[in-house]
Amino acid sequence: MNIILSAVGRWWRFVFFSVWLWVLLGLLRGGRYTMFLRPEFGWVLGLGAVSLLGLLAASMERPVRLGLAQALRIVILLVPLAYLANARGTELNSYVLKKRIGGAPTLAAQAQPLSSSPLPPSPRKPATIEHGSSANAVPVRDQDAHTVSAPREIGRRPPPEAKVVTILDLYQEPRFYEGKRVKLTGMVVRDEEMCGIFGQKARVVFRFVINCCAADATPAAMIWDGDTPLTLTEDAWVSVEGTFSLREQGGRQIPVLGQATMASTTAPEQPYLY
Amino acid sequence: MNPFSSLTDAGHAPSGKKSLGRVPWLECVFLVVAVGLLLSSPNSTSVKALSLIFSSIILEAVPFMLFGSVVGGLIEAFVSRERMAEILPRRGWLTVLMAAGAGLAFPICECAVVPVVRRLARKGLPAGAAIAYLLGGPIVNPIVAASTAMAYKLDWLVVLLRVGCGYLIAVGIGLLMNRLFRAGEVFRADLHDHDEGTGCSCGCGHDHHHNHEMSHEHHNHPAQHGKTPFGSKLIAAFGHAADDFLAVGHFLVIGAFLAAVAQTYVNRAAFVQLADVPVLPSVLMMALAVSLNLCSEADAFIAASFRGLVGLPGQMAFLLTGPMFDLKLLLMYQSVFRKRAIAALSLLILLVVFLAVLGIELVGGRSV
């Protein structure tokens, strides 16, 4: 027992830094860190990993005895790893939406005039988003980045082709897309306030825009106003298609997708918008 | 020999009398709450959201803290007190002016700046200048200026206000702290004690350490400085970095947890429902900045998202407060300053920022 305690006492720093290094490398491998950080921020974890290598080397060179105060600090420094494990498979959802957008009564109030969108600016993009487009300063990884056609009905004039966009595109270029038929992906939630204004079938479609990490995620939401019978659960990922417009409500302009359809879809590779 | 020593704050050589050490109430309460919450309802919606947000803050902050610790360790191993004294201006107020703007040349975030300031203080940087760099470094730097410009769509007035006010506030508080406290009353008493791992704070990089069984012989530094191999100094630098990270890191974790709790359970709109009341939005935005613990490179986008709800003075209150004072920093300051100094610093930051914002409101009005 004394031998074990002695070994722990001498090598605790090495073990502790090794654990953290293993976690950071695990997050970098396969891009799992993108659940928490922007994809471009992988270098941050890399910086941490390199720093930890130096600390590991120093720990091997100079073992330090462990005191009770140090032991307490080590336990505290390991608590985040437990929360990290618990966060696996989690994504920001309507619970966070309502906390950050202020809940149902303020959705309309916080739909700011879109001509002065608070969301991060980006260069004007073409209507059709393509992977790797140099004009697209913000890497959008929606899984269906191509132009699709709406279904046809015999004897009737076919509806215009829907442009595949993101909610962020609509926030940043509302006048450009107004009146146009668009298709986008998001999560869906039922909101009583919006149902009172737009009808019982109205739904809120939303996604989160992040600048650095999930902690600063800002919700971007819009109203889906359609007739499709809905059997979707809250926070389900959906693909919606409709005509984009801005509707005046209480002195604010609310983004609305009218004459809209909705269908279940799989979650995109990257859940956040940037 | 029992490798576990008695409870002391730093684990270094005990004095002749027995000491029980500080009772770690904060640490124990944190452990009970954090672990209890996770074990009681790990799959609830709120705890899942808390886990995601807490992990995000930690994953963004810890690498920068590690980096800051490494920078501090390099300063410790490669910069002697004599060299530090040569670099600093002789006039105290000039040092403060330089330190507050040092972020332009050495940009740093608020997580990394604390371990760096710890080491600079040990090297003899005066308290006022250390505080000026601590407060000014995370705001007065090109990265934050660029992110602010982006968030506000190249509204250079906002950038100028943030950087300019940040600089002036850092200088003012640095000079005030010099006035309010005598030398030796600001920094922790054990800040100048030898490290656990390397035992040396003289910049020689000697790889001796404080082991009670071994004698301590090293005091021919000026003659031996040039003879210490670079590799030994580098290992010593990382040893110091490990000391710093382990001394400050747990405060970062506790602060990040508090911030994550605030972000998960507090409704943000509640902060701005009183936006029509004069002055109150600024106070509420300052409280929001303290509780959210956002990185200074990203908080501009959050502040900008309040346009239309809160006027520019309120947004500036958020932009100025966050990088200088939040829950995480308040706890990390305990590794550098004495309690009285922390209390004075906290009050000064909040008061000076509030007065600055009040001035902006009086001059420019409350419009967006």
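Computation of the quantities below employed the complete heavy-atom set of this structure, encompassing side-chain atoms and omitting hydrogens, waters and symmetry-equivalent molecules. Each chain gets a letter, A, B and so on, in the order the sequences are listed, and its residues count up from 1.
Formation of a donor-acceptor pair under 3.5 Å by the Glu27(B) side chain with backbone atoms of Ile76(A) is not found in this model.
Interface remark: Ile58(B) contributes side-chain atoms only to the contact with chain A (heavy atom separation under 4.5 Å). Contacts between Leu59(B) and chain A at a heavy-atom distance below 4.5 Å involve backbone atoms as well as side-chain atoms. In this structure, chain A has a heavy atom under 4.5 Å from the side chain of Phe54(B), while its backbone stays farther away. Contact annotation for Ser147(B): neither backbone nor side-chain heavy atoms come within less than 4.5 Å of a heavy atom of chain A.
Judged as a side-chain hydrogen bond (donor to acceptor under 3.5 Å, both in side chains), and not counting sequence neighbours, Thr90(A) has no contacts. For Ser51(B), the side-chain hydrogen bond (donor to acceptor under 3.5 Å, both in side chains) criterion is met by Asn86(A), not counting sequence neighbours.
In this structure, Leu66(B) and Trp20(A) have side chains that are not in contact, with every pair of non-hydrogen atoms separated by 4.5 Å or more. Between Glu91(A) and Lys48(B) there is no side-chain heavy-atom pair separated by less than 4.5 Å.
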I'd like to know whether Val62(B) forms a side-chain contact (heavy atoms from CB on, under 4.5 Å) with Leu24(A), so could you lay out the CA-CA distance, the side-chain angles of the two residues, the decisive distance to 0.1 Å, and finally the verdict. CA-CA 10 Å; Val62(B) 163; Leu24(A) 291 187; 5.8 Å; no

Using side-chain contact (heavy atoms from CB on, under 4.5 Å), reason through Asp299(B) and Asp216(A) one step at a time and then give a plain yes or no. CA-CA 8 Å; Asp299(B) 59 3; Asp216(A) 65 51; over 6 Å; no

Please determine whether side-chain contact (heavy atoms from CB on, under 4.5 Å) holds for the pair Lys99(A) and Thr264(B), giving the CA-CA distance in whole Å, both sets of side-chain angles, and the decisive distance to 0.1 Å. CA-CA 7 Å; Lys99(A) 289 294 180 187; Thr264(B) 303; over 6 Å; no

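Nearest heavy-atom pair, Arg13(A) versus Ala242(B), reported as atom, atom and distance to 0.1 Å: NH1-CB, 3.5 Å. Glu60(B) approaches Cys212(A) most closely through the heavy-atom pair OE2-CB, 2.9 Å.
Distance CG/Leu81(A) to OG/Ser55(B): 9.0 Å, rounded to 0.5 Å. A distance of 6.5 Å separates CZ of Phe251(B) from CZ of Arg73(A), quoted to the nearest 0.5 Å. In this structure, CG on Leu92(A) lies 7.0 Å from OG on Ser56(B), to the nearest 0.5 angstrom. Between atom CD1 of residue Ile53(B) and atom CZ of residue Phe36(A) there is a gap of 11.5 Å, rounded to the nearest 0.5 Å. For the atom pair Ile74(A) CD1 and His250(B) NE2, the distance stands at 10.5 Å (nearest 0.5 Å). For the atom pair CE (Met35(A)) and CG (Leu52(B)), the distance works out to 5.5 Å, reported to the nearest 0.5 Å.
For the set Val35(B), Thr45(B), Asn43(B), the entry with the most heavy-atom pairs within less than 4.5 Å of chain A is Thr45(B). Your options are Ala217(A), Pro80(A), Cys213(A), and the one with the most heavy-atom pairs under 4.5 Å with chain B is Pro80(A). Contact tally against chain A (heavy-atom pairs below 4.5 Å) for Ile57(B), Val70(B), Leu31(B): the top residue is Leu31(B). Of the listed residues (Ala49(B), Cys28(B), Gly249(B), Pro42(B)), the greatest number of heavy-atom pairs within a distance under 4.5 Å of chain A belongs to Pro42(B). Looking only at heavy-atom pairs under 4.5 Å with chain B, the residue among Phe17(A), Phe41(A), Tyr83(A), Tyr33(A) that has the most is Tyr83(A).
Proximity to chain A at a heavy-atom threshold of 4.5 Å picks out Val253(B), Ile254(B), Phe257(B) from residues 252-261 of chain B, in numerical order. Within residues 43-53 of chain A, the residues having any heavy atom less than 4.5 Å from a heavy atom of chain B are, in residue-number order, Trp43(A), Val44(A), Leu45(A), Leu47(A), Gly48(A), Ser51(A), Leu52(A).
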